[in-house]
Amino acid sequence: MEFNVTRFFNVAKRDLIINRNLYIGIIVASFALGFITCWKEWLAGVALFLFVVGFMVFIAMSPFSAYKDKRKRCTTLLLPASTEEKWMLEFIKYYIVFPVVITALFWFGTFIGSLVFYQNASHFLLWDGGIPTAFKENIAKILIYGYCGIAVLYFCNLLFKKYSLIKIIAVFIIYTTISSLLSVWLIGADVVHLASDMQHESDPHAIMEYSYAFGNYTDLMQRYTYVITAVFFTVLSYIRLKKEETL
Amino acid sequence: MIEIKNLTFGYNKHRNIVENMTLNIKEGYVHGLLGKNGTGKTTLLSLISGLLFAEKGEINVDNFTPKERKVDFLSEIFFLPEEFDEIRIRIDSYVKVNAAFYPRFSYTDFKQYLEEFEISDCHQKLSKLSYGTKKKVFIAFGLATHAKYLFFDEPTNGLDIPSKVQFRKIILKAMADNQTIIISTHQVRDLHNLIDNIIIMDKANILMNASVGNITEKLWFGLKDKCESDVVLYEEENVGGKMIVAQNTTSSESNLDIELLFNAAFQSRDKFNELFNNLKQ
């Protein structure tokens with residue numbers, strides 16, 4: 001494994017300068033969408049929809065974009081940096097930097113918007129900047145699911161050079177179906193077992209306990225499934241990048 | 001040293017672009033990689049650079065296996081493809097972000113090469129430049145990396161006549177003793193007085209791999225009426241008379257004409273194999 005921190009920063013710096021215009025566009029768009037949510041009430045929903053869809057399309061389409069075009073692929077593959085460094089940059093960009101930066105800018109846009117339109121920073125139409133309790137409680141789950149999604153997208157972006165968005169959507173549908181079926185299959189035996197136990201139970205507290213235990217178990221199994229899938233696709237995307245050619 | 005052993009590669013299962021090829025490319029020389037369109041020149045350069053993976057056979061570049069794309073290997077090669085990436089940044093920004101990856105990169109040399117190509121403004125956007133000017137910038141960058149192996153695919157395509165002359169001058173000036181340059185082209189005249197060794201590709205393999213000295217030792221180039229040899233391999237009508245390539249049976253001196261050699265090689269394949277088989281390096 002070849003990983004050099006200085007070289008990694010050089011790869012990141014190169015990426016930042018070459019894609020400068022795209023990144024500026026993303027920053028401006030995120031801020032502007034946040035800003036206009038405060039302008040007119042009916043715009044809030046539209047802006048939020050555009051933000052969510054735009055964000056998802058961007059995250060789905062952009063990883064490894066330099067490998068989709070033959071000429072860019074040639075330049076990127078020949079860049080004297082290791083596969084690990086090139087792969088890690090994409091991972092950090094799309095799993096950490098962009099989600100944080102884009103969300104922060106959207107929030108900042110709403111903050112400035114509320115100052116401009118309502119002269120009151122506390123008047124947020126959509127979000128007051130606080131972290132919802134549900135998010136805090138499920139942070140691990142959200143990160144696992146997010147990571148899993150990114151891992152699948154990573155691999156798809158390397159695999160599909162043409163019509164990648166359509167293919168990625170198709171893969172996501174198939175993937176979600178399979179993972180749901182897998183979860184059901186994994187916990188299926190316990191469902192039958194629990195259901196048969198519950199049938200003979202009349203005490204509502206005991207039924208609740210069963211349901212709670214069942215819920216916890218299902219949740220745990222889902223997490224395992226997502227972690228295994230995420231690791232699998234992460235490793236697969238790395239191997240795919242190693243085998244990338246300019247065919 | 002680049003060693004290629006029993007290399008086979010094809011873009012599909014039905015047709016191999018390179019088949020069972022064995023070739024040694026000595027370091028410290030300018031090699032001309034010649035061949036008709038579609039004979040696999042670009043493919044061979046891509047295989048040597050690690051951009052394509054062979055189905056069978058081995059490639060060894062200074063004990064590196066190209067397909068592993070190790071950093072030390074990549075920093076010692078510079079490959080300029082015929083069609084390159086459309087980068088929307090300024091020349092100076094391009095140099096700034098890419099030079100860091102090449103340990104021996106020289107800004108002074110880069111500027112000097114640009115000046116010789118008559119490009120004075122480094123603040124121009126690469127995307128705004130013409131194809132030829134862009135190519136000059138990349139050639140200058142490639143030479144300034146001082147990488148050990150420089151691969152140019154059709155470098156003179158899109159260059160005007162003065163720039164082609166300039167290209168030859170710059171290559172000869174920039175070339176260091178330990179450097180190896182491979183220039184792939186079908187515009188054989190552009191390599192006049194530039195190359196030390198000629199590799200001709202044909203039918204998924206190497207038809208000839210010989211140094212200029214070896215070629216002129218074995219072959220004679222010139223006007224038919226001045227030829228003393230009986231074994232004429234190729235002839236063509238010219239303004240001054242019939243130009244021929246003949247077997248050099250009398251050890252006469254002549255100047256290599258790459259275009260004549262190229263045509264002769266395809267017309268007299270068997271004779272070339274017979275003459276140059278023992279010269280394969």
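Reckoned from all heavy atoms, side chains included, excluding hydrogens, waters and symmetry mates. The sequence lines fix the lettering, A, B, ..., with proteins before strands; numbering per chain opens at 1.
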Participant: Taking NZ in A/K161 as the centre, count heavy atoms belonging to other residues, nucleotides or ligands within less than 6.0 Å. Is the count above 12?
Facilitator: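 Enclosed.
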Participant: Would a distance-only check, ignoring hydrogens and angles, find a side-chain to backbone donor-acceptor pair under 3.5 Å from B/R69 to A/K242?
Facilitator: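 The answer is yes, because a donor-acceptor pair under 3.5 Å joins these two groups.
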Participant: Can you tell me if B/Y29 has over 12 outside heavy atoms packed within less than 6.0 Å of its OH?
Facilitator: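 Atom OH in B/Y29 is not crowded, with 12 or fewer foreign heavy atoms closer than 6.0 Å.
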Participant: Considering non-hydrogen atoms only, spot the tightest contact between B/F101 and A/P80 and give its length.
Facilitator: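 Shortest heavy-atom contact: CD2-O, 3.4 Å.
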Participant: OH of B/Y131: more than 12 outside heavy atoms within 6.0 angstrom?
Facilitator: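 Buried by this count: over 12 neighbours within 6.0 Å.
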Participant: Heavy-atom pairs under 4.5 Å with chain A: which of B/F53, B/F73, B/F78, B/Y94 has the most?
Facilitator: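 That would be B/F53.
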Participant: Tell me, out of A/I17, A/L78, A/T75, A/N10, who's got the most heavy-atom pairs with chain B below 4.5 Å.
Facilitator: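 That would be A/L78.
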Participant: Would you say A/K167 has more than 12 foreign heavy atoms packed within less than 6.0 Å of its NZ?
Facilitator: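 Yes - once you tally the heavy atoms of other residues, nucleotides and ligands closer than 6.0 Å, there are more than 12.
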Participant: Looking only at heavy atoms and a cut-off of under 4.5 Å, which of A/R73, A/K70, A/E244 has the most pairs with chain B?
Facilitator: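 The candidate making the most pairs under 4.5 Å is A/E244.
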Participant: Checking heavy atoms, do the side chain of B/F138, its backbone, both or neither come under 4.5 Å from chain A?
Facilitator: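 The answer is neither part of B/F138.
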Participant: Is atom OH of B/Y11 surrounded by more than 12 heavy atoms (other residues, nucleotides or ligands) closer than 6.0 Å?
Facilitator: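 Enclosed: over 12 neighbouring heavy atoms sit under 6.0 Å from OH of B/Y11.
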Participant: Of the non-hydrogen atoms in A/R7 and B/V71, which two are nearest, and what is the gap between them?
Facilitator: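 Scanning both residues, the minimum pair turns out to be NH1-CG1, 3.4 Å.
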Participant: Please determine whether the number of non-hydrogen atoms from other residues, nucleotides or ligands lying under 6.0 Å from atom OH of A/Y224 exceeds 12.
Facilitator: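 It does not: A/Y224 OH has 12 such atoms or fewer within range.
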Participant: For the CZ atom on B/R104, are there more than 12 heavy atoms of other groups (residues, nucleotides or ligands in this structure) within a distance under 6.0 Å?
Facilitator: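 Buried by this count: over 12 neighbours within 6.0 Å.
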Participant: Can you list the steps and then say if A/R71 with B/E86 is a side-chain contact (heavy atoms from CB on, under 4.5 Å)?
Facilitator: CA-CA 8 Å; A/R71 294 173 196 178; B/E86 186 73 20; 5.6 Å; no
Participant: Roughly how far, to the nearest 0.5 Å, is the CD1 atom of B/I89 from the CD1 atom of A/I18?
Facilitator: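 CD1 of B/I89 is found 4.5 Å from CD1 of A/I18.
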Participant: Show your reasoning for whether side-chain contact (heavy atoms from CB on, under 4.5 Å) applies to B/L74 and A/L77.
Facilitator: CA-CA 9 Å; B/L74 292 174; A/L77 290 176; over 6 Å; no
Participant: Counting only heavy atoms not in A/K68, do more than 12 fall under 6.0 Å of its NZ?
Facilitator: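 It does: A/K68 NZ has more than 12 such atoms within range.
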Participant: Measure A/L79 against the heavy atoms of chain B and call it side chain, backbone, both or neither at under 4.5 Å.
Facilitator: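 Contact with chain B involves both backbone and side-chain atoms of A/L79.
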